[in-house]
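Structure record follows, encoded as structure tokens.
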Amino acid sequence: MIKFEALGLQKSLLDAVADLGFETPSEVQEKAIPILLESETDLVALAQTGTGKTAAFGFPLIQKIDSNSRTTQGLILSPTRELCLQITKEMQAYAKYERNINVVAIYGGASITDQARQIKKGAQIIVATPGRMKDMISRRLVDISKLDYCVLDEADEMLNMGFMEDIKDILSNTPNEKSTWLFSATMPKEVSVIAKKFMHSPQEITVGAKNSGASTVQHEYYVVGGRDRYPALKRLADTNPDIFSVIFCRTKRDTQKVAENLIEDGYNAGALHGDLSQNQRDLVMNSFRKRQIQMLVATDVAARGIDVDDITHVINYQLPDEIETYTHRSGRTGRAGKSGISMVLVTRSEQRKIRAIENKINQKFELKKVPSGMEICEIQLHHLANKIKDTKTNSDVESYLPAINEILEGIDREELINKLISAEFTRFSTYYNKSKDLNSSDGGRDRDGDRDRSDGRRGGETPTSGAVRYFVNVGEKDGYDWMSLKDFIRDTVGLGQEDVFKVDVKESFSFFNTEAESTQQILDKFTEFKVDGRFVNVEVSKSPGGGGGGNRRSGGSGGGFKGKRSGGSSGGGFKGKRDGARESKGKGRDRSESSSPNSGKRRSTKRKGDFF
Ligand code: ADP
Ligand code: MG
């Protein structure tokens, strides 16, 4: 196996490599470092996120610049402030045994005067975002006219973000005879345009197959109704108590909503999108890095360059428009040789997009089922048992133990375990009790317009007075009209002639009313009720059309899940809560800490009033 020593790096850098704990070079490092050290050449290097590109250009760059000169000799352009700071930190670590090398970061959202001052002290290497760089050039705060090396890092992302003009502008201020090194995960048209226009017969290296996702990432998809995305997301999280994930939504608004809902439902979640201030984004990212946030809900743009390793899951709450974007998303997991899972929630009509992605990334997706409530209960129980097993006893409890022992006297081990587990089980089995199958099997769900549903529960509380409106998952396409549906319900439940009214049959589902005194009977009867092998499911509806039913409360499950998404009279999904930015970080953490006496262990599930 090739070692760093064989690549031609000087001693000071090899010492830094040892300190960083890098044992063997990654493929892109193995290929790029010798080329860059040995020759003055332009280079195009294609390698997935997480393959160690920073060191691939960082080490050669440091070795090649003249530390006795204070002129700016190297410029690294990167798409985001996050990445810019990350690269700067890495470069400083690489150069730690080099005496006179200054690496300065230039990015928007921070004082330009401070940055100018740092440059003035002499920065041989500048790491910059294109916007701020261009700005500083035009104000003559930097001089890159003597540049020897220009690195375009994450070139595809920079171009995705619309930095083409800025990059052209910046490059036009650099000497012609410099070397340009372009690093990118993918090679879309725009990147080849840049390569053609600004590079001179570049050498090309490719790691892995072009355009393919990192092979350590497993791809899965789940077919759900359009409105079941959120409950399905919760189930995926509940199935993975140690989840550490990025959840991608398409819009800032959805991103904020999903994060807010998760926080309200007691998950350690946070939002990352462009409507947040830089300060708020930094707070969220810091909490995420410290694992105080387990579920980071992000837009594609905001998540560019998230440099956190160990992400276990990427969840595509909605699919992106561009397949290219999917590659970027899934590349957030499976970094640095670790494995990761990229999950996609799709509706039936979106399934063909999965095929398109498969073709593009040259990897197969596995169709998975959203776990049932009972499966989740089982997983959580195992998690609890393991957690108890791994718990370090705390000497502070010793003084309480005699009294506790007295209370529990006479209960043997087996019974004690049984009781302990039951105490927890009851809490969550109540939530998932009668929870329905979220896997989309009938086409109706995707198209429903005014349907109102809860997270699989038929109302935690049954209305006791007035008329109650129900939703039932059969309609015209099942052969019903309003009369036959009315008869079917009356006959099935055993109600009188006038007891079922306001029957409204739509294509694939229907609504009807009864008086509240019949509600319990209806819900009891339509539990696990099948006609011709198919479940006929009745839920109390809150839609304004029907009166009644609006007083349904969630849960009753001992502070368990809040069932916040128990319907939306707005019809279009998320409830009309304010869309403003807020500091999700504090909230997420407070909740978890106040909620769970078990939250001392960081990477355990930390749900408010959760099972464990
Ligand atoms: P990329 O830019 O390709 O997305 P990075 O340069 O950010 O990847 O590296 C990803 C992670 O892998 C970082 O945490 C980095 O410290 C680590 N890494 C890079 N090279 C090595 C190596 N040779 N051995 C071990 N870890 C490495
Ligand atoms: Mg990188």
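Quantities reported herein were computed from a predicted structural model and do not represent experimental measurements. In listed order, ligands and their atoms are each counted from 1.
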field: Within residues 275-297 or reaching into it, pairs that qualify as ring pair (Phe, Tyr, Trp, His ring centres under 6.0 Å) - sequence neighbours excluded
entry: F244-F288
statement: residues 77-124 vs ring pair (Phe, Tyr, Trp, His ring centres under 6.0 Å), sequence neighbours excluded, gives F59-Y94
Show me which atoms of ligand 1 lie under 4.0 Å from any heavy atom of [X].
X   : answer
T24 : 22 (C), 23 (N), 24 (N)
T51 : 1 (P), 3 (O), 8 (O)
F4  : 23 (N)
E90 : 16 (O)

G52-ligand 1 polar pair, N/O distance under 3.5 Å: yes
query: Any N or O of K53 that comes nearer than 3.5 Å to an N or O of ligand 1?
result: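 Checking ligand 1 against K53, an N or O pair does fall under 3.5 Å apart.
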- prompt: CD of Q256 to CG of D275: how many Å apart, nearest 0.5 Å?
  reply: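 Separation between the atoms: 8.5 Å.
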field: K146 NZ: over 12 foreign heavy atoms closer than 6.0 Å
entry: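 Result for NZ/K146: open.
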query: Under 2.8 Å from the Mg ion (ligand 2), which protein N/O/S atoms are there?
result: E154 OE2
message: Under 3.5 Å, is there a donor on one side chain and an acceptor on the other for S69 and T71?
response: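 Present: a donor and an acceptor within the cut-off.
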Shortest reach to atom 5 (P) of ligand 1 by a heavy atom, considering only T54, I87, V308: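 Shortest heavy-atom distance from atom 5 (P) of ligand 1: T54.
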- prompt: Under a 4.5 Å cut-off applied to non-hydrogen side-chain atoms, are T174 and T180 in contact?
  reply: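 Answer no - side chains too far apart.
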message: Per the side-chain hydrogen bond (donor to acceptor under 3.5 Å, both in side chains) rule, what does the pair list look like for residues 52-65, sequence neighbours excluded?
response: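 As it turns out, the side-chain hydrogen bond (donor to acceptor under 3.5 Å, both in side chains) pairs with a partner in residues 52-65, which skip direct neighbours, are E40-K64.
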- prompt: Is there a donor-acceptor contact under 3.5 Å from the side chain of R70 to the main chain of K121?
  reply: yes
